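Keep in mind the model is a prediction, meaning the values are calculated, not measured.
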Amino acid sequence: QRIQNKIYHSNDAPWESTLTPKRIQQLNDLDMDWNPIDSNWEQKLLEFKQHVNKGGKNIVVPMDDNPSLNYWVQRQRLDYKV
């Protein structure tokens with residue numbers, strides 16, 4: 001899927017975009033998030049910072065407090081090891 005994403009966003013894509021400048025502007029007017037993966041990562045980073053700043057440990061986020069943040073922190077560690 002990552003390869004498909006790179007092709008889609010590259011100039012080598014085998015199709016032309018149907019998004020005209022006008023359509024792009026209309027989406028921008030609605031605050032279109034053009035990169036939701038990065039936005040989600042930034043949001044989770046902010047949540048983790050808040051957890052640590054509240055006196056939480058940066059080792060583990062309790063599952064009961066925030067299961068999705070717990071998963072995100074674990075995933076970052078796995079990605080770091082790769």
- To the nearest 0.5 Å, tell me how far L69 CG sits from H51 NE2. 7.0 Å

- Taking side-chain contact (heavy atoms from CB on, under 4.5 Å) as the test, write out the residues that go with I24, two or more places apart. L19, N28, W34

- Any chance you could measure N53, atom CG, to L46, atom CG, to the nearest 0.5 Å? 9.5 Å

- Can you name the side chain to side chain donor-acceptor pair (under 3.5 Å) partners of D31, sequence neighbours left out? none

- Under a single-linkage definition using a 4.5 Å side-chain heavy-atom cutoff for Ile, Leu, Val, Met, Phe, Trp and Tyr, are W41 and Y71 assigned to the same hydrophobic cluster? no

- Query: What residues form a salt bridge (Lys or Arg N to Asp or Glu O under 4.0 Å) with E47, not counting sequence neighbours?
  - Reply: K44

- Applying side chain to side chain donor-acceptor pair (under 3.5 Å), name anything that partners N40, two or more places apart in sequence or on another chain. none

- Message: Please enumerate all residues that pass side-chain contact (heavy atoms from CB on, under 4.5 Å) together with Q74, with sequence neighbours excluded.
- Response: N70

- Go through the structure and list residues passing side-chain contact (heavy atoms from CB on, under 4.5 Å) with T20, not counting sequence neighbours. K22, R23

